[in-house]
Amino acid sequence: MIEPYNPREIERQVQQRWSSEPGFSRSGDSADRFYCLSMFPYPSGKLHMGHMRNYTIGDVISRYHAMRGRAVLQPMGWDAFGLPAENAAMANGVPPAEWTRNNIDHMRSQLKALGFAIDWDRELATCEPEYYRWNQWLFLRLLEQGIAYKKTGVVNWDPVDQTVLANEQVIDGRGWRTGAVVEKREIPMYYLRITDYAQELLDSLAQLDEWPERVRTMQANWIGRSEGAEISFACGQHIIKVFTTRPDTLMGATYMAVAAEHPLAREAARDNPALAEFIAACQHGGVSEAEIATQEKLGMDTGLRAIHPLTGAELPVWVANYVLMGYGEGAIMAVPGHDERDFEFARKYELPIVQVITRPDDQPYDATKWHEDYAGRDGRLVNSGPHDGLSCEQGFEAIVADLERQDAGRARVQFRLRDWGISRQRYWGCPIPIIHCEHCGDVPVPDEDLPVRLPEDLVPDGAGNPLARTPEFVDCSCPSCGRPARRETDTMDTFVDSSWYFMRYPCADNDKAMVDQRTDDWMPVDQYIGGIEHAILHLLYARFWTKAMRDLGLVNHDEPFARLLTQGMVLAETFYREDEAGRRTWYNPADVDIERDDKGRMIGAVLRSDGNPVLAGGIEKMAKSKNNGVDPQSLIEHYGADTVRLFSMFAAPPEQSLEWSDAGVEGAWRFLRRLWQHCRSHALAGAMPGARPDGGKLAAGGRELRRRLHETIAKVGDDFGRRYTFNTAIAAVMELSNELQRFKPADDNDRALCQEAWETVVRLIAPVTPHIAEVLWADLGHQGSVFAAGWPEVDPAALIRDAVTVVVQVNGKVRARLDTEPGSSRERLTDLALAEDNVARFVSGKPVRKVIVVPDKLVNIVVG
RNA sequence: GCCGGGGUGGCGGAACUGGUAGACGCGCCGGACUCAAAAUCCGGUUCCAGUGAUGGAGUGAGGGUUCGAUUCCCUCCCCCGGCACCA
């Protein structure tokens, strides 16, 4: 009698064994190292499905490489600073530190229950002084290098709460708590000169050939290198500097536009109340690019006039809300004839539009309607005086040369990328180690005084930074002159914390240095896994930080992540009811029963508790707001970790979004139970560990099974090691297992085949469902961990086929299939194909014009 | 608005280099077992026509290249991610 599959019991036992004997080597001594890193989680309270999926992917890859004999490092930590802890504090009055640490404890135990082979000795949390002191230390080094510097920046200001808001706290231009119209406000902040690295960050994307192409494209577009010219326009005593990618259209410039924050706009507003009012109005609304790009284009004439550097013509200078102070020079030369935004603006304010580039086929220029080709570079210059007739490229060169002669401009490269503002006016973050002294200015905290510790007992209330109201933190003496001084109360962007945590894991116990030799030994990360939502910011900052550390001589690699896998989101069905006012109440899918028609289509759904209907709201990302989150914890308790891991790897390839399905989990559970039953019944009949069949003595069925077995080894190894398509790997193991379960051994040689096959199935599935694999491996007669047993080898002799199926098409449509010996000649395949009745039917009476043969695969007969 | 990705049966997905569309799983239908139900096992399952052999249609829509297109090219529609202070 085989005892039933009881995951709770076996997972507990196996995890206990792993805690003393992890099953695979993590020592850093091996030359063949593999650093497998998953993005560390924000400790929000409990593990969600996205985490579960992310870390399962990492664990599968780690365990696969361990079975291949590599020393694997798979660490875990906590991205523990950030806004949600402050929000929780406001809601419950609990200090962020306490809330965060409780969450970490809970989530750590959840990760352990999932059986991830994490090296917990290296755990770190960014809110611990032992970690963030090195943020501060490196910041001071960057300050010495001039990479860190101070300037003003624009933030969202809530005039009621008197506080700076994050972009996500601005909803339709209003503060989330107060509903007050948000204003833009300029404040001093610290920046990092990531733009100094823009060219290298762009160039070295080319060496990241194991990153998804789309991530590299997004980063390249984000960095946004453009070649153009810097041009100076005289405006009274002032010079307006602009950057343009189209100096060839300079003769079409009909006005200038400056940002509302531009010094010239402010000066012009001093004695122009209407303009001052307009500039003030431009301060309303949030600072995010999406908000600015979608707002209506507005502008006002400053009354100032700039001089065109080549023609001497007077150009009106406008203030326009579509010009960004943060990009280029905060001013543009407007060429409405050939720039869509300028065209729209010029039409609206009736500014002149001049064509200076011809259209394709010399079509006439229509200044009443924008055409796509206006922005093209294929035409020739017109209305451009001496440059008429030049191509855009030649015009570019000629006009830049003119400008250089007059000292009014030069060719220049401009990046879209802006310097990284790291100051945050928030409590729960890493303090910026600066002391403000009335006499000495901004003084760095001396290294020996690091870390500047964040007080952990404060509770934010939404109105400003509580640090600023804490004299014990703020009041200090100047390190330079010793007189009373004030400590900086801004903290660092949490992207700083996450820009180097992966370099700390290898040396997490070092309290003397930020990184040491072990960091160089393990870096770069061989495989990094995380959400696609981090494709730009986090990954770009981490790349920059790595290069900055390299230039300080701290590490010797250029790029932190050799290979990147970006996982998709986890989605679930949503259900709701609507009251008379149109307000929706959302119900968790776990509490809803689905009604189906006889084809399995959903025709309705009812709430289990009251039996009344609910409406389906479509499939959406799991979120609190839609109450469609499925809790991994309850599933683990019900089915065990292996089932949940198996389903999440099986339901979709990792890069795609994953639609959660309880029925699908049930299917994964059934598979594991069948595996358990059949594998154990084989073992019970007499395990023969390590036995292998004599291939020559197998009957046709056995040979077929053995061929499938070895094909599956090759397929699964490729899927785990190269393609990372865990879903197809699992499907292949399922197919093999189904076939094996149907196979009835006739003699001892067949039983040896069964032993080989079960040992293989268990090892192939082990990275995904490690607990059941360990137990079945022991049942098959083996001592020690399945992860120490190594990955199965493909026997090439087993792969040889007796027959192949060749498809026969007539004019591209399948008309027959041939079972034939492999390696048949073109002629033989053609003859066999034409001899098929159904093929003859479609060929008869028509001349054969062509026959295409793909050996062992396909014959296509083209007739008529 | 800008940048990036996606769209295949009732559902999740497979088809890796242009060569059998729908592997595997779910759901559904039928059967076995059972006093009965659950569980389990066996069979069927893209749609339309046909008892069947088979035929026709079919990978968001439209067009193109090709002997052959889910795959390559063009136009369009819809959904999702990012947009620098969510992480």
Side-chain angles (χ1 to χ4, degrees), chain A residues 39 41-42 44 79 82-84 87 153 155-156 164-170 212-215 217-218 220-222 224 287-295 322 326 341 417-426 493-495 498 531-538 540-541 566 568-569 571 594 596-602 618 620-621 647 650-653 655-668 670-671 673-674 677 718-719 722-723 725 727-728 730-735 738 805-809 811-814 817 838 841 849-852 854 857-858 860-862:
Chain A
M39 289 182 185
Y42 180 80
S44 53
D79 189 10
L83 214 44
N87 296 339
V155 294
N156 301 303
V164 176
L165 297 179
N167 281 339
E168 75 157 5
Q169 297 173 321
V170 179
E213 188 60 45
R214 60 169 156 156
V215 175
T217 307
M218 279 192 263
N221 289 337
W222 185 262
V287 300
S288 77
E289 188 182 295
E291 208 162 332
I292 289 163
T294 49
Q295 72 192 356
Y322 71 97
R341 287 168 309 176
L417 180 67
R418 309 197 293 259
D419 276 343
W420 176 13
I422 60 159
S423 294
R424 297 291 179 271
Q425 297 68 42
R426 292 188 213 300
D493 182 3
T494 55
F495 276 125
S498 56
I532 182 67
E533 65 274 19
H534 296 292
I536 296 176
L537 292 180
H538 160 61
L540 193 67
Y541 291 143
T566 50
M569 297 177 307
L571 317 175
I594 300 197
R596 296 178 189 281
D597 67 10
D598 61 2
K599 292 212 165 151
R601 274 183 288 249
M602 182 165 80
E620 303 221 33
K621 178 177 176 169
F647 175 72
F650 176 64
E655 307 243 43
Q656 276 180 40
S657 57
L658 181 155
E659 206 174 297
W660 198 261
S661 147
D662 287 344
V665 177
E666 193 76 34
R670 282 202 285 263
F671 170 74
R673 203 163 42 177
R674 274 199 306 275
Q677 288 291 331
D718 189 43
D719 284 352
R722 178 183 65 92
R723 295 178 69 210
T725 49
N727 55 327
T728 55
I730 292 165
V733 175
M734 284 177 170
E735 279 184 83
N738 289 344
T805 302
V806 174
V807 168
V808 183
Q809 299 179 335
N811 286 349
K813 283 187 189 289
V814 179
R817 289 180 173 81
N838 203 43
R841 242 177 86 197
R849 289 201 305 175
K850 198 171 181 183
V851 178
I852 285 133
V854 182
K857 280 212 147 165
L858 173 135
N860 186 13
I861 298 162
V862 185

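A, B, ... follow the sequence lines: proteins, then strands. Residue 1 opens every chain. Heavy-atom basis, side chains included; hydrogens, waters and symmetry copies ignored.
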Item checked: Chi-based syn or anti call at B/rG68, which uses purine or pyrimidine torsion atoms and a 90° bound -> anti

Note to self: Considering every strand and a 4.0 Å limit on heavy-atom distances, what is the contact class for A/V806: base, sugar-phosphate, or nothing?
What the structure shows: nothing

Note to self: Quick one, A/D719 with A/T728, criterion side-chain hydrogen bond (donor to acceptor under 3.5 Å, both in side chains). Give me CA distance, side-chain angles, the key distance, then yes/no.
What the structure shows: CA-CA 7 Å; A/D719 284 352; A/T728 55; 2.8 Å; yes

Next item on the list: Name the nucleic acid region contacted by A/V862, choosing base, sugar-phosphate or nothing; use a 4.0 angstrom heavy-atom cut-off, strictly under.
Entry: sugar-phosphate

Note to self: Please report the distance, rounded to the nearest Å, between CG in A/D719 and P in B/rC24.
What the structure shows: 15 Å

Notebook entry, point to check: Which value, in whole Å, describes the distance between the P atoms of nucleotides B/rG22 and B/rA15?
Noted result: 13 Å

Margin query: For the P atoms, the ones on B/rC74 and on B/rG58, what distance do you get once it is rounded to whole angstrom?
Written below: 23 Å

Note to self: Strictly below 4.0 Å: does A/N738 bring a side-chain N or O up to OP1 or OP2 of B/rA23?
What the structure shows: no

Check: Between atom CE in A/M734 and atom P in B/rA14, what is the gap in whole Å?
Finding: 14 Å

Note to self: Tell me the interatomic distance from A/E655, atom CD, to B/rG13, atom P, rounded to whole angstroms.
What the structure shows: 14 Å

Notebook entry, point to check: Does A/Q656 place a side-chain N or O at less than 4.0 Å from the phosphate oxygens OP1/OP2 of B/rA14?
Noted result: yes

Notebook entry, point to check: Please, what dot-bracket string fits RNA chain B when only Watson-Crick and G-U pairs with both distances under 3.5 Å count, crossing ones use [ ] and pairs to another strand use |?
Noted result: (((((((..(((......[....)))((((((.......))))))((((....))))..(((((..]....))))))))))))....

Margin query: Rounded to whole Å, please give me the gap between CD1 in A/I730 and P in B/rG12.
Written below: 18 Å

Check: Side chain of A/R849, base of B/rC67: donor and acceptor closer than 3.5 Å?
Finding: no

Margin query: In whole Å, I'd like the distance from the CG atom of A/N727 to the P atom of B/rA14.
Written below: 5 Å

Check: Can you check whether A/W420 and A/F495 have ring centres sitting under 6.0 Å from each other?
Finding: no

Margin query: If we ignore hydrogens and angles and just use 3.5 Å, is the side chain of A/N860 paired with the main-chain N or O of A/G812 as donor and acceptor?
Written below: yes

Note to self: Counting only side-chain nitrogens and oxygens, does A/K813 get under 4.0 Å of the OP1 or OP2 atom of B/rG19?
What the structure shows: no

Note to self: If I pick the C1' atom on B/rG13 and the same atom on B/rU46, what distance separates them, to the nearest angstrom?
What the structure shows: 14 Å

Checklist line | Value in whole Å for how far the P atom of B/rG19 lies from CD1 of A/I852 | finding: 14 Å

Notebook entry, point to check: Can you check whether A/R670 has a side-chain N or O nearer than 4.0 Å to OP1 or OP2 of B/rG27?
Noted result: yes

Notebook entry, point to check: Checking all strands, does A/H534 fall into the base, sugar-phosphate, or nothing category for heavy-atom contacts under 4.0 angstrom?
Noted result: base

Next item on the list: Determine the contact category for A/P41: base if any of its heavy atoms lies under 4.0 Å from a base atom, sugar-phosphate if only primed atoms, P, OP1 or OP2 are that close, otherwise nothing.
Entry: nothing

Checklist line | Whole angstrom value for the distance that separates P of B/rA84 from CG of A/D493 | finding: 12 Å

Next item on the list: Could you measure between the two P atoms, the one in B/rG68 and the one in B/rC76, and give it in whole Å?
Entry: 27 Å

Notebook entry, point to check: When we call it a touch if two heavy atoms are under 4.0 Å apart, what does A/S44 touch: a base, just sugar-phosphate, or nothing?
Noted result: nothing

Checklist line | C1' spacing across the pair B/rC35 / B/rA23, given as an integer number of angstrom | finding: 41 Å

Under 3.5 Å, which N/O atoms of the protein pair with N/O atoms of nucleotides 3-5 of chain B?
unit_1: B/rC3; atom_1: O3'; unit_2: A/N221; atom_2: ND2; d: 2.7
unit_1: B/rC3; atom_1: O2'; unit_2: A/N221; atom_2: ND2; d: 2.9

Could you pull out the protein-nucleic contacts involving nucleotides 68-71 of chain B (nitrogen or oxygen on both sides, under 3.5 Å)?
none

Checklist line | B/rG5 to B/rG9 separation - P atoms, rounded to the nearest Å | finding: 23 Å

Next item on the list: For B/rC77 versus B/rG10, give the span between their C1' atoms, rounded off to a whole number of Å.
Entry: 24 Å

Margin query: Using a heavy-atom cut-off of 4.0 Å across all strands, would you classify A/M39 as base, sugar-phosphate, or nothing?
Written below: nothing

Note to self: Using OP1 and OP2 only, check whether a side-chain N or O of A/K857 sits under 4.0 Å from B/rG19.
What the structure shows: no

Next item on the list: Rounded to whole angstrom, note down the P distance from B/rG56 over to B/rG60.
Entry: 22 Å

Check: Can you tell me how far C1' of B/rC80 sits from CG of A/L658, to the nearest Å?
Finding: 15 Å

Notebook entry, point to check: So does A/R841 get a side-chain nitrogen or oxygen closer than 4.0 Å to the phosphate oxygens (OP1/OP2) of B/rU54?
Noted result: no

